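Please read the structure below before turning to the comments.
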Amino acid sequence: MNAENADSENEVAVCRFDELKDPGSREFQYEGGIGRGFIVRKGKAVFAYQNYCMHVGHALNWKPDRFLTGDGKHIICSAHGAIYEIDNGLCVGGPCPGKKLRALPLEIRDGVVMVQVPAPD
Ligand code: FES
């Protein structure tokens with residue numbers, strides 16, 4: 001399954017939950033690549049965010065599917081080092097403390113992580 005699979009216009013089937021490392025992350029796209037997001041697994045939980053740093057709006061990752069600090073405990077922005085909590089997207093270090101990543105709703109359906117993405121403008 002790849003990131004372009006979608007069951008509906010506003011939903012993306014990212015991957016199977018059991019394909020994710022723990023901790024681990026996976027990026028995806030929507031709106032033909034205009035929209036970018038990622039999911040992060042932490043234990044039995046998984047979270048989804050837009051791939052948009054709240055500092056100055058860069059994508060968070062430089063390498064495919066790499067969104068976590070070396071110890072796997074936080075999300076990190078590769079541009080200037082903002083550090084975000086995995087569970088809620090809150091910036092707890094770097095240049096934009098107190099700001100939050102844009103969370104996306106998700107559910108696991110038949111073992112697949114399904115993310116609701118914003119409707120096109
Ligand atoms: S754009 Fe992410 S830390 Fe600057």
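Only a predicted model underlies this, so the values are computations on that prediction, with no experimental measurement involved. Read the numbers this way: they start at 1 and go in the same order the structure lists the ligands and their atoms. In what follows, residues are counted from 1 in the order of the sequence shown.
Distance from atom 1 (S) of ligand 1 to its nearest protein heavy atom, with residue and atom name: His58 CD2, 3.4 Å.
Nearest N/O/S atom of His80 relative to atom 4 (Fe) of ligand 1: this is ND1. In terms of distance to atom 4 (Fe) of ligand 1, the nearest N, O or S atom of His55 is named ND1.
The side-chain contact (heavy atoms from CB on, under 4.5 Å) test with Phe38 singles out one residue from Asn61, Asp65, Ile75, Val115, and that residue is Ile75. Glu27 pairs with exactly one of Lys63, Arg36, Arg66 by the side-chain contact (heavy atoms from CB on, under 4.5 Å) rule, that one being Arg36.
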Practice problem: Kindly determine whether His80 and Val56 satisfy side-chain contact (heavy atoms from CB on, under 4.5 Å), including the steps that lead there. | Solution: CA-CA 10 Å; His80 314 111; Val56 287; 4.0 Å; yes
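Taking the side chain as every heavy atom from C-beta outward, Pro118 and Arg102 never approach each other to under 4.5 Å.
Atoms of ligand 1 found under 4.0 Å from any heavy atom of Cys53 (numbered from 1 in listed order, with element): 1 (S), 2 (Fe), 3 (S). Atoms of ligand 1 found under 4.0 Å from any heavy atom of Val56, numbered from 1 in the order shown, are 1 (S). Each of the atoms 1 (S) of ligand 1 lies under 4.0 Å from some heavy atom of Ala79. Which parts of ligand 1 touch Cys77 is read off a 4.0 Å heavy-atom cut-off, strictly below it: atoms 1 (S), 2 (Fe), 3 (S). Contact atoms of ligand 1 toward Ala82: 3 (S) (distance under 4.0 Å to a heavy atom of the residue).
Val12 and Tyr30 make their closest contact through CG2-CB, 3.9 Å (heavy atoms, listed as atom of the first residue, atom of the second, distance). Minimum interatomic distance between Phe47 and Lys42 (heavy atoms only, all atoms of both residues): CE1-CB, 4.2 Å. Between His74 and Glu85, the closest heavy-atom pair is CD2-CA, 4.1 Å.
Contact between Pro95 and ligand 1 is present, with at least one heavy atom of the residue lying under 4.0 Å from the ligand.
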